[in-house]
Amino acid sequence: MKKKVMAGILAAVMAVSLAACAGGNGAGDKEGSTNGTEADLEESLTVWCWDPTFNIYAMKEAEKVYQKDHPQFQLNVIETPWNDLQTKLTTAVTSGKTDSLPDILLMQDNAFQKNVLSYPKAFADLTDSEIDFTQFAEAKTAYSTVDGKNYGVPFDNGAVIACYRTDILKQAGFTVDDFTDITWEDYIAQGKIVLEKTGKPLLSCLGGESDVIVMILQSAGGSMFDDQGNPFIAGNEKIKATLEIYKKLVESGVLVEVNDSDQYIGSMNNDTVAGTINGCWIMGAIQASEEQAGNWAVTNMPRLTGIDDATNYSNNGGSTWAVCADSAKTKLAEDFLAATFAGSVEFWENILPSGALSTYLPAAESEKYGEPSEYFGNDTVFSKITEYAGKVPSVHTGAYYYEARDAVATAITNVMGGSDIDTELQTAQDTVKFTMGR
């Protein structure tokens, strides 16, 4: 992010933290108080989402835009980690207490359809609202469309970027060009040199998680499901090749596994690692360190070898806003989303430096997408990432995508402990089939 915008993001994050109050919805939730009168509360909305530097920041910026025409409007944003949000949603619906849900909540794209199919009465049908869904990329709206009806307002895309500390690469005799359009074998070989000369791994990730694996898999056009939605894990050569690369990354020391998200973000902000590979939303977390401004560069990710349709492009993450059907303020929620995420180029321009690339088509045509980023070496990173997004292979994720991810994550944990890859992939497939009742 440009330095002049960084201060605004940090201020927004600090405001959320300072406004935390005791009336949250469970341990670990952080609630931003509206501090309004009862009359004001009629023009307020409660939102559940995660990540102060990205999703919460975007919501607070949307609040500012909406307040220009609705000065009494206020948001009560409750920081709710994704796993907690999914649990709270499931608990509320199964216990018949959907009135405990917020007015708006954020849903990971790959979980959206399954939640709508599982809990059809929990989400408001937005098809006939004032939101013009034709103004979004069709592939994005497809995540939240069920039986021809729209249940979500698209937010960010998750085009994968590889980010590198150029000052650390320079110590090892490399530039970011040496890591552009490369293979994973190139990455590991060069990563070993960086590690030897600087003492810093190229990459970190959460141990026991599958983010790196699914990014590599999609870059090769691979999926954990076939076109009919059946689990396709055992005997899947692309998954096997992906796990083999992951194993080499860890064993070489080029990839270091950490215990939690705080350690993951910290590894980038405190000079522990020389880079990261993740969805473009990671830019917001990287830019939390003002001292590193100008020392980061963005390029594409490595690709698998031996697979004809392998690419240097993938996707990780991406999310969509849903309006809860039992909210007493569905019309206000619809109007707020229509005027901001689905109707304001200014809003999308304001949050662009955080790494939130628009799926709202008019915003993508903004001149700001072609402006250089001071934080990332004055490169035109936003237009670059938009180009990457258009090259991501489209794959079938399946309604049980997260169950498959968890099963594959368990498989790689066991493989790193010495288990046979083929055996673990068969176990993962059996686990997913059992979950699906097949």
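Model, not experiment: these values are computed from the prediction. Counting from 1, the numbers follow the sequence of the chain as shown.
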Legend entry - Side chains of Asp226 and Asn230, donor plus acceptor under 3.5 Å: yes
Inset, instruction - Give, for atom CG of Leu75 and atom CD1 of Ile104, the distance between the pair rounded to the nearest 0.5 Å. - result: 7.0 Å
Inset, instruction - Ignoring hydrogens and angles, state whether a donor on the side chain of Asn115 or Ser118 is under 3.5 Å from an acceptor on the partner side chain. - result: no
Inset, instruction - State, with a plain yes or no, whether a side-chain heavy atom of Ile282 is found less than 4.5 Å away from one of Ile265. - result: yes
Legend entry - Over all atoms of both residues, closest heavy-atom pair of Leu304 and Trp184: N-CD1, 3.7 Å
Inset, instruction - Would you please classify the geometry between the Tyr66 ring and the His70 ring as parallel, tilted or perpendicular, with 30° and 60° separating the classes? - result: parallel
Legend entry - Row check, Tyr400 ring normal vs Lys114 NZ/CZ: under 6.0 Å, within 45°: yes
Legend entry - Value rounded to 0.5 Å, distance of CG in Asp211 from SG in Cys205: 8.0 Å
Legend entry - Intermediate values then yes/no, ring pair (Phe, Tyr, Trp, His ring centres under 6.0 Å), Phe155 and Tyr360: CA-CA 8 Å; Phe155 179 29; Tyr360 178 59; over 10 Å; no
Legend entry - Thr90-Tyr119 side chain donor-acceptor pair, cut-off 3.5 Å: yes
Legend entry - Value rounded to 0.5 Å, distance of CD in Glu334 from OG in Ser129: 5.0 Å
Legend entry - Heavy atoms of other groups near Asp128 CG, more than 12 under 6.0 Å: no
Inset, instruction - Classify the side-chain pair Gln86/Trp82 by whether it contains a donor and acceptor separated by less than 3.5 Å. - result: no
Inset, instruction - May I ask you to decide whether Asp167 forms a salt bridge with Arg165, counting only side-chain N to carboxylate O separations under 4.0 Å? - result: yes
Inset, instruction - Using the salt bridge (Lys or Arg N to Asp or Glu O under 4.0 Å) rule, take Lys238 and Asp309 through it: C-alpha gap first, then chi angles, then the decisive distance, then the call. - result: CA-CA 11 Å; Lys238 291 181 179 180; Asp309 49 354; 3.0 Å; yes
Inset, instruction - Applying side-chain contact (heavy atoms from CB on, under 4.5 Å), run through Tyr187 and Leu249 and close with a yes or a no. - result: CA-CA 9 Å; Tyr187 183 88; Leu249 284 165; 3.8 Å; yes
Inset, instruction - For Lys384 and Glu387, run salt bridge (Lys or Arg N to Asp or Glu O under 4.0 Å): C-alpha distance rounded to whole Å, both residues' side-chain angles, the deciding distance at 0.1 Å, then the answer. - result: CA-CA 5 Å; Lys384 177 183 285 188; Glu387 177 187 348; over 6 Å; no
Legend entry - Pair Glu185, Thr305: side-chain N/O donor-acceptor within cut-off below 3.5 Å: yes
Inset, instruction - For residues Cys324 and Leu105, determine if any side-chain heavy atom of one lies less than 4.5 Å from a side-chain heavy atom of the other. - result: yes
Legend entry - Asp326 bridged to Lys121 by N-O distance under 4.0 Å: no
Legend entry - Between Glu349 and Ser366, a side-chain donor and acceptor under 3.5 Å: yes
Legend entry - Check against side-chain contact (heavy atoms from CB on, under 4.5 Å), Phe382 and Cys280: CA-CA 9 Å; Phe382 305 120; Cys280 55; over 6 Å; no
Inset, instruction - Would you check if there is a donor-acceptor pair between the side chains of Asp109 and Ser319 at a distance under 3.5 Å? - result: no
Inset, instruction - Please name the residue in the list Val176, Ile182, Thr175 that meets the side chain to side chain contact (heavy atoms under 4.5 Å, CB included) test with Asp178. - result: Thr175
Inset, instruction - Check whether any side-chain heavy atom of Phe174 sits under 4.5 Å from a side-chain heavy atom of Thr166, and report yes or no. - result: no
Inset, instruction - For the pair Phe341 and Phe336, name the ring-plane relationship: parallel under 30°, tilted 30 to 60°, perpendicular over 60°. - result: perpendicular
Inset, instruction - Any chance you could lay out the side-chain contact (heavy atoms from CB on, under 4.5 Å) test for Leu169 and Phe179, step after step, and finish with the verdict? - result: CA-CA 10 Å; Leu169 294 187; Phe179 287 86; 3.8 Å; yes
Legend entry - Asp103-Ser327 side chain donor-acceptor pair, cut-off 3.5 Å: yes
Inset, instruction - Examine the side chains of Gln218 and Asn316 and answer whether a donor and an acceptor come within less than 3.5 Å of each other. - result: no
Inset, instruction - Compare all side-chain heavy atoms of Met224 with those of Ile239 and state whether any distance is below 4.5 angstrom. - result: yes
Inset, instruction - Please assess Ser267 against Thr272 for the test side chain to side chain donor-acceptor pair (under 3.5 Å), listing each intermediate value before the final yes or no. - result: CA-CA 5 Å; Ser267 69; Thr272 301; 5.9 Å; no
Legend entry - From Leu195 atom CG to Gln190 atom CD, the distance as rounded to the nearest 0.5 Å: 13.5 Å
Legend entry - Value rounded to 0.5 Å, distance of OG in Ser210 from CG in Asp406: 6.5 Å
Inset, instruction - In sequence, state the C-alpha distance, the side-chain angles, and the governing distance for Thr311 and Lys391, and then conclude on side-chain contact (heavy atoms from CB on, under 4.5 Å). - result: CA-CA 8 Å; Thr311 74; Lys391 297 180 179 180; over 6 Å; no
Inset, instruction - Could you tell me whether Lys368 and Glu346 make a salt bridge, using a distance below 4.0 angstrom between a side-chain N and a carboxylate O? - result: no
Inset, instruction - Quick one: sort the Phe123 and Phe112 rings into parallel, tilted or perpendicular, breaks at 30° and 60°. - result: tilted
Inset, instruction - Say whether Asp181 and Asn300, considering side chains only, have a donor N or O and an acceptor N or O under 3.5 Å apart. - result: yes
Legend entry - Value rounded to 0.5 Å, distance of CE in Met301 from OH in Tyr388: 11.5 Å
Inset, instruction - Could you pull out the closest heavy-atom pair between Val47 and Trp321, with the gap in Å? - result: CG1-CZ3, 3.8 Å
Legend entry - Close side-chain approach of Met283 to Phe376, heavy-atom, < 4.5 Å: yes
Inset, instruction - State, without any angle test, whether Asn278 and Thr276 hold a side-chain donor-acceptor pair at a distance under 3.5 Å. - result: no
Legend entry - Any side-chain donor near an acceptor of the partner, Thr180 and Thr299, under 3.5 Å: yes
Inset, instruction - Let me see the working for Phe232 and Phe225 under ring pair (Phe, Tyr, Trp, His ring centres under 6.0 Å), right down to the final yes or no. - result: CA-CA 5 Å; Phe232 178 39; Phe225 297 88; 10.0 Å; no
Legend entry - Any side-chain donor near an acceptor of the partner, Ser314 and Ser219, under 3.5 Å: no
